[in-house]
Amino acid sequence: MFSKFKPTWMVDAIYKITPNQLKKLGIKAVLTDLDNTLIAWDNPDGTEELLTWILEMKNAGIPVVVVSNNKSSRIKRVVEKFDLAYVSRALKPSTRGFREAEKMLGLKPDELVMVGDQIMTDIRGANAAGIRNILVRPIVDTDGWNTRINRFFERKIMKHLEKKHPDMVWKGGLE
């Protein structure tokens with residue numbers, strides 16, 4: 001039952017994922033959550049580190065698409081300055097938003113990776129869509145009220161997964 005929540009990889013932060021690592025794995029595009037993955041949920045302006053990471057991906061020809069449960073106006077305010085495509089109201093963990101991103105990019109699930117900070121939405125949804133995924137630590141330790149509920153259950157699920165899968169450890173990258 002808990003296997004649908006198991007991440008393919010666990011990396012400290014999205015910024016530690018490099019184009020070379022992705023290319024070695026045959027990954028042609030990155031789907032990413034917004035809040036606490038790309039930006040702190042309470043700071044929509046992002047960081048210099050984020051801008052650098054996005055430029056590295058663009059220069060390597062790896063598109064980055066935000067797949068978020070947020071409404072369009074919230075996402076657009078953030079991604080416009082970074083010139084990123086996005087899927088709003090993705091309804092994660094359903095596969096709807098992932099399928100929309102696949103069509104947008106013209107890629108198959110095995111050519112994509114989903115990066116997110118929540119196993120109940122990002123990881124479970126990517127697994128359901130057949131997309132490899134990367135769980136990252138949340139950028140900040142605080143969450144919006146709706147995410148706090150998920151975090152309670154996630155802690156329990158993670159304890160079970162870590163016990164069953166000792167290879168589930170945080171790493172500094174995909175290598």
Side-chain angles (χ1 to χ4, degrees), residues 1-19 21-39 41 53 57 62-70 75 79 84-139 143-144 146-175:
M1 176 183 151
F2 289 109
S3 62
K4 59 186 163 192
F5 297 103
K6 185 180 184 295
T8 311
W9 298 282
M10 293 169 44
V11 176
D12 291 327
I14 196 168
Y15 313 121
K16 304 232 173 141
I17 301 164
T18 69
Q21 293 168 353
L22 297 171
K23 286 182 177 185
K24 282 181 188 174
L25 294 165
I27 294 168
K28 296 180 179 176
V30 174
L31 310 181
T32 179
D33 181 46
L34 181 64
D35 292 325
N36 267 350
T37 300
L38 269 187
I39 60 164
W41 71 275
W53 183 81
M57 291 296 153
I62 298 174
V64 176
V65 177
V66 174
V67 178
S68 174
N69 287 345
N70 281 301
I75 304 166
V79 301
L84 297 178
Y86 66 92
V87 174
S88 62
R89 300 225 186 261
L91 303 176
K92 296 177 292 180
S94 84
T95 60
R96 187 192 80 72
F98 298 104
R99 297 296 177 235
E100 192 175 324
E102 285 172 30
K103 278 188 211 163
M104 180 189 298
L105 292 161
L107 296 172
K108 296 178 286 193
D110 66 345
E111 297 174 309
L112 304 170
V113 70
M114 173 65 189
V115 183
D117 68 303
Q118 291 189 64
I119 60 172
M120 291 184 68
T121 54
D122 306 316
I123 303 306
R124 184 171 182 230
N127 282 333
I131 296 171
R132 291 175 285 179
N133 49 75
I134 303 167
L135 179 66
V136 293
R137 295 183 192 273
I139 291 176
D143 286 301
N146 52 337
T147 304
R148 280 186 236 140
I149 297 165
N150 281 355
R151 296 281 186 216
F152 171 80
F153 293 106
E154 285 186 352
R155 283 189 292 277
K156 294 183 180 312
I157 294 168
M158 281 298 284
K159 279 184 184 174
H160 174 80
L161 286 171
E162 287 168 338
K163 196 180 293 182
K164 192 172 177 182
H165 304 279
D167 60 324
M168 277 185 51
V169 293
W170 293 102
K171 296 183 179 168
L174 294 177
E175 298 177 313

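Side chains of Met57 and Leu22 form a contact here, defined as non-hydrogen atoms less than 4.5 Å apart. Side-chain contact between Leu112 and Phe98: absent, with no pair of heavy atoms (C-beta onward) separated by less than 4.5 Å. Counting only heavy atoms from C-beta outward, the side chains of Gln118 and Asn69 never approach each other to under 4.5 Å. Annotation: side chain of Pro93 is not in contact with side chain of Met120 (no heavy-atom distance under 4.5 Å).
Counting all heavy atoms, side chain and backbone alike, Val113 lies closest to Trp9 at CG2-CZ3, 4.1 Å. Thr32 approaches Met114 most closely through the heavy-atom pair C-CE, 3.8 Å. Shortest non-hydrogen contact noted between Gly125 and Thr95 is O-CG2, 4.3 Å. The two residues Gly130 and Pro109 make their nearest non-hydrogen contact at O-CB, 3.5 Å. Looking at every heavy atom in both residues, Pro7 comes nearest to Leu135 through CB-CB, 3.8 Å. Minimum interatomic distance between Val67 and Ala90 (heavy atoms only, all atoms of both residues): CG1-CB, 3.6 Å.
Every side chain to side chain donor-acceptor pair (under 3.5 Å) that Asn70 has, sequence neighbours left out, goes to Asp35, Ser68.
Atom CZ of Arg96 sits about 10.0 Å away from atom CZ of Arg89, to the nearest 0.5 Å. Distance check, rounded to the nearest 0.5 Å: CE of Met104 to CZ of Arg99 gives 14.5 Å. Residue Glu154 holds its CD atom at 6.5 Å from OG1 of Thr121, rounded to the nearest 0.5 Å. In this structure, the separation between CD1 on Ile119 and CG on Leu161 is 6.0 Å, given to the nearest 0.5 Å. Once rounded to the nearest 0.5 Å, the distance linking CD1 of Ile14 with CD1 of Ile139 reads 8.0 Å. Atom CD1 of Ile134 is separated from atom CG of Asp122 by 11.5 Å, given to the nearest 0.5 angstrom.
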Next item on the list: Test side-chain contact (heavy atoms from CB on, under 4.5 Å) on Asp33 and Leu38 and set out the steps.
Entry: CA-CA 7 Å; Asp33 181 46; Leu38 269 187; over 6 Å; no
Note to self: Using the rule given for side-chain contact (heavy atoms from CB on, under 4.5 Å), can you reason through Ile123 versus Phe5, listing the C-alpha separation, both sets of side-chain angles and the distance that settles it, and then say yes or no?
What the structure shows: CA-CA 6 Å; Ile123 303 306; Phe5 297 103; 5.5 Å; no
Next item on the list: Please test Gln21 against Lys16 for side-chain contact (heavy atoms from CB on, under 4.5 Å), starting from the C-alpha separation and ending with a verdict.
Entry: CA-CA 10 Å; Gln21 293 168 353; Lys16 304 232 173 141; over 6 Å; no
Margin query: Using the rule given for side-chain contact (heavy atoms from CB on, under 4.5 Å), can you reason through Tyr86 versus Leu34, listing the C-alpha separation, both sets of side-chain angles and the distance that settles it, and then say yes or no?
Written below: CA-CA 10 Å; Tyr86 66 92; Leu34 181 64; over 6 Å; no
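Although no hydrogens or angles enter the test, the distance criterion places no donor-acceptor pair under 3.5 Å between the side chain of Lys28 and the main chain of Leu105. Arg132 contributes a side-chain N or O that, together with a main-chain N or O of Leu25, makes up a donor-acceptor pair within less than 3.5 Å. Of the possible donor and acceptor atoms, one in the side chain of Trp53 sits under 3.5 Å from a partner among the backbone N and O of Ile17. Checking side-chain atoms of Asn127 against main-chain N and O of Lys6 turns up a donor-acceptor pair under 3.5 Å. Thr37 places a side-chain N or O within 3.5 Å of a backbone atom of Asp117 that can act as its donor or acceptor partner.
Relative orientation of the His160 and Phe2 rings is tilted, given thresholds of 30° and 60° on the angle between their planes.
Taking 4.0 Å as the cut-off between side-chain N and carboxylate O, Glu100 and Lys103 do not count as a salt-bridged pair.
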